[in-house]
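Whatever order the structure lists ligands and atoms in, that order sets their numbers, starting from 1. Heavy atoms only: backbone and side chains are in, while hydrogens, waters and symmetry mates are out.
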Amino acid sequence: MCSKPTDRLFKLGKLNHVAIAVPDIDQAAAMYRDTLGAKVSEKHAQPDHGVYTVFVELGDTKIELLYPMGDNSPIQNFLDKNKNGGMHHICLEVDNIHEAIKAVSAQKIRTLGKEPKIGAHGKPVIFLHPKDCNGTLVELEEQ
Ligand SMILES: CC[C@H](C(=O)O)C(=O)SCCNC(=O)CCNC(=O)[C@H](O)C(C)(C)COP(=O)(O)OP(=O)(O)OC[C@H]1O[C@@H](n2cnc3c(N)ncnc32)[C@H](O)[C@@H]1OP(=O)(O)O
Ligand SMILES: [Co+2]
């Protein structure tokens, strides 16, 4: 039984980004920047998350390009299975990540890790298991 709106103590916001895991992040960034004319960030190392990121600005949303960093990157298996890359996750904004964690946990949706970590935008993020979200890895980012 899903929680009723009156019970919900957080608000779901907009789509913050769609993440694509790529085999060559410089080539992928150049495609969006040079071929499609998008505003593209520099590549940033995210050691706490085991990835490099590049953000492609698209008005009120973004594409996050991801490339593995280090030996235990959480996206390495995904790229091993998807040699040309592929859509990795979606990121949804919430106004209270701890209330969102309580709500999804009450519905037996597993979070990956118990506590949020600071994500690429310097805000708390947590991931929901893809097997509990219709085969889609969902990231929540607190605004
Ligand atoms: C800098 C932060 C930045 C931000 O935006 O702020 C980020 O987004 S960081 C992004 C990188 N970090 C993460 O993705 C953390 C969460 N992800 C994980 O912990 C893993 O990727 C995990 C657990 C989802 C999958 O790990 P792994 O692929 O090594 O495990 P399995 O191969 O055993 O997969 C289990 C099962 O899930 C399916 N799977 C895996 N990845 C995905 C995916 N991206 N989308 C959908 N499904 C996925 C995989 O196929 C397996 O399914 P099965 O049917 O059992 O084969
Ligand atoms: Co992300």
* Between Phe55 and His121, does a ring-ring contact (aromatic ring centres under 6.0 Å, His included) hold up when you go through it step by step? -> CA-CA 10 Å; Phe55 278 94; His121 300 125; 4.6 Å; yes
* Asked: Considering distance alone, does some N or O of Phe78 sit under 3.5 Å from an N or O of ligand 1?
  -> no
* Protein contact for atom 22 (C) of ligand 1 (heavy atom, distance under 4.0 Å) -> no
* Option set Met87, His49, His44, criterion heavy-atom distance to atom 2 (C) of ligand 1, minimum -> His49
* To do: Starting from the C-alpha separation in whole Å, work towards a yes-or-no answer on side-chain contact (heavy atoms from CB on, under 4.5 Å) for Asn77 and Leu79.
  => CA-CA 5 Å; Asn77 270 354; Leu79 268 178; over 6 Å; no
* Show which atoms of ligand 1 fall inside a sub-4.0 Å distance from at least one heavy-atom site of His89. => 8 (O), 10 (C)
* **All side chain to side chain contact (heavy atoms under 4.5 Å, CB included) counterparts of Tyr67, not counting sequence neighbours** => Ile25, Tyr52
* Asked: Do any nitrogen or oxygen atoms of Glu141 lie less than 3.5 angstrom from nitrogen or oxygen atoms of ligand 1?
  -> no
* Asked: Hey, is atom 48 (C) of ligand 1 under 4.0 Å from any protein heavy atom?
  -> yes
* **Sub-4.0 Å protein heavy atom near atom 35 (C) of ligand 1** => no
* From the options Asn82, Asn77, Ile126, Leu137, select the one whose nearest heavy atom is closest to atom 30 (O) of ligand 1. => Asn77
* Heavy atoms from other residues, nucleotides or ligands near NZ of Lys14 exceed 12 (cutoff 6.0 Å) -> yes
* **Mode of Gln46 contact toward ligand 1 - side chain, backbone, both, neither (heavy atoms, under 4.0 Å)** => side chain
* Is there a heavy atom in His17 that sits closer than 4.0 Å to ligand 1? -> yes
* Asked: Which atoms from ligand 1 have a heavy atom of Ile75 less than 4.0 Å away?
  -> 11 (C)
* To do: List the closest protein heavy-atom neighbour of atom 19 (O) of ligand 1: residue, atom name, distance to the nearest 0.1 Å.
  => Leu112 CD1, 3.8 Å
* Asked: Any protein heavy atom sitting closer than 4.0 Å to atom 10 (C) of ligand 1?
  -> yes
* To do: Report yes or no: does Lys81 have a heavy atom closer than 4.0 Å to ligand 1?
  => yes
* Would you kindly say whether Asp95 and Gln143 are connected by a side-chain donor-acceptor distance under 3.5 Å? => no
* Short N/O distance, under 3.5 Å, between His88 and ligand 1? -> yes
* How far is atom 5 (O) of ligand 1 from its nearest protein heavy atom, and which residue and atom is that? -> Glu64 OE2, 2.7 Å
* Check each of Gly50, Gly135, Gly86, Pro74 against atom 26 (O) of ligand 1 and report the one with the nearest heavy atom. => Pro74
* Asked: Protein N/O/S atoms under 2.8 Å of the Co ion (ligand 2)?
  -> His17 NE2, Glu64 OE1, His89 NE2, Glu139 OE1
* Using a strict 4.0 Å threshold on nitrogen-to-oxygen distance, state whether Glu142 and Lys123 make a salt bridge. => no
* Structure fact -> re atom 52 (O) of ligand 1, the protein heavy-atom contact at minimum distance is Lys131 NZ, 3.5 Å
* Side chain, backbone, both or neither: Asp48 near ligand 1, heavy atoms under 4.0 Å -> neither
* Could you please spell out the steps behind the salt bridge (charged side-chain N to carboxylate O under 4.0 Å, His left out) verdict for Arg110 and Asp132? => CA-CA 7 Å; Arg110 289 165 287 175; Asp132 302 335; 2.7 Å; yes
* Is ligand 1 less than 4.0 angstrom away from at least one heavy atom of Ala19? -> no
* Contacting atoms of ligand 1, where contact means under 4.0 angstrom from a heavy atom of Ala120 -> 1 (C), 2 (C), 4 (C), 6 (O)
* Would a 4.5 Å heavy-atom cut-off, applied to side chains only, mark Met69 and Pro47 as touching? -> yes
* Asked: In terms of heavy-atom contacts, does CG of Asp80 have more than 12 from other residues, nucleotides or ligands at under 6.0 Å?
  -> yes
* Structure fact -> ligand 1 to Gly119, heavy atom cutoff 4.0 Å, flagged ligand atoms 6 (O)
* Heavy atom under 4.0 Å from ligand 1: found in Pro130's side chain, backbone, both, or neither? -> side chain
* Asked: For Glu42, does the CD atom sit with more than 12 other heavy atoms under 6.0 Å from it, leaving out its own atoms?
  -> no
* Asked: Are side-chain heavy atoms of Leu112 and Leu128 found at a separation under 4.5 Å?
  -> no
* Below 3.5 angstrom, do we get any N/O pair linking His129 and ligand 1? -> no
* **Under 3.5 Å: N/O of Thr53 near N/O of ligand 1** => no
* Which bit of Gln76 is near ligand 1, meaning a heavy atom under 4.0 Å away: side chain, backbone, both or neither? -> neither
